[in-house]
Amino acid sequence: MTGNDPTEAPEDRLARACLEELKSAEEAKMNAGRLRGKSDPTYTRTADAYKKVKADIAARFRDSTPEELSKYRLHG
């Protein structure tokens with residue numbers, strides 16, 4: 001089970017959880033665009049949520065780069 005490994009640093013668990021949240025937000029945004037179109041309010045909300053997740057990650061992991069995030073990497 002994730003989170004029960006005493007050898008894994010809490011910062012690494014947090015990084016993994018953030019990346020999972022980012023991927024989920026990205027998928028929601030893409031699906032809303034495909035299903036509703038990019039002019040639909042649902043797409044706008046999901047795109048804003050995606051941007052917020054990305055900004056939150058950048059604020060928490062200040063050494064992250066856009067290139068790392070695009071490859072779903074954080075914290076080494």
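As a basis for the values below, the full set of heavy atoms in this structure was taken, side chains included, without hydrogen atoms, waters or symmetry mates.
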Trainee: Using the test side chain to side chain contact (heavy atoms under 4.5 Å, CB included), find all partners of Arg34 that sit at least two apart in sequence or belong to another chain.
Mentor: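 Once residues adjacent in sequence are excluded, the partners of Arg34 under the side chain to side chain contact (heavy atoms under 4.5 Å, CB included) criterion are Met30, Asn31.
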Trainee: Who pairs with Arg60 by salt bridge (Lys or Arg N to Asp or Glu O under 4.0 Å), at least two apart in sequence or on another chain?
Mentor: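 If we apply the salt bridge (Lys or Arg N to Asp or Glu O under 4.0 Å) test to Arg60, skipping adjacent residues, the hits are Glu11.
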Trainee: Specify the closest pair of heavy atoms between Thr46 and Ala28, including all atoms of both residues, with the distance to one decimal.
Mentor: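 Shortest heavy-atom separation between Thr46 and Ala28 comes out as OG1-O, 4.0 Å.
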Trainee: Just to verify, what does Thr65 make a side chain to side chain contact (heavy atoms under 4.5 Å, CB included) with, not counting sequence neighbours?
Mentor: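 In terms of side chain to side chain contact (heavy atoms under 4.5 Å, CB included), with neighbours along the sequence ignored, Thr65 is linked to Glu67, Glu68.
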Trainee: Lys52: which residues meet the side-chain hydrogen bond (donor to acceptor under 3.5 Å, both in side chains) condition with it, sequence neighbours left out?
Mentor: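 Checked Lys52 against side-chain hydrogen bond (donor to acceptor under 3.5 Å, both in side chains); matches are Asp56.
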Trainee: Which residues pass the side chain to side chain contact (heavy atoms under 4.5 Å, CB included) test with Lys54, not counting sequence neighbours?
Mentor: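 With neighbours one apart ignored, the set is Leu22, Tyr50, Leu69.
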Trainee: Please list, chain by chain and in numerical order, all residues satisfying side-chain hydrogen bond (donor to acceptor under 3.5 Å, both in side chains) with Lys23, sequence neighbours excluded.
Mentor: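 Partners of Lys23 by the side-chain hydrogen bond (donor to acceptor under 3.5 Å, both in side chains) criterion, ordered by chain and then number, come out as Glu27.
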Trainee: Which heavy-atom pair separates Ala32 from Tyr43 by the least distance, and what is that distance?
Mentor: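 Where Ala32 meets Tyr43 most closely, the heavy atoms are CB-CA, 3.8 Å.
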Trainee: Just jot down the side-chain hydrogen bond (donor to acceptor under 3.5 Å, both in side chains) partners of Ser70, sequence neighbours excluded, or say none.
Mentor: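 Listed in chain order: nothing, the list is empty.
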Trainee: Just to verify, what does Glu21 make a salt bridge (Lys or Arg N to Asp or Glu O under 4.0 Å) with, not counting sequence neighbours?
Mentor: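 Applying salt bridge (Lys or Arg N to Asp or Glu O under 4.0 Å) to Glu21 gives none.
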Trainee: Could you work out, with side-chain hydrogen bond (donor to acceptor under 3.5 Å, both in side chains) as the rule, every residue matching Thr42, not counting sequence neighbours?
Mentor: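 Result, side-chain hydrogen bond (donor to acceptor under 3.5 Å, both in side chains) vs Thr42: Asp40, Arg45.
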Trainee: Between Ser64 and Ala58, what is the shortest heavy-atom contact and its length?
Mentor: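 Scanning both residues, the minimum pair turns out to be OG-CA, 4.0 Å.
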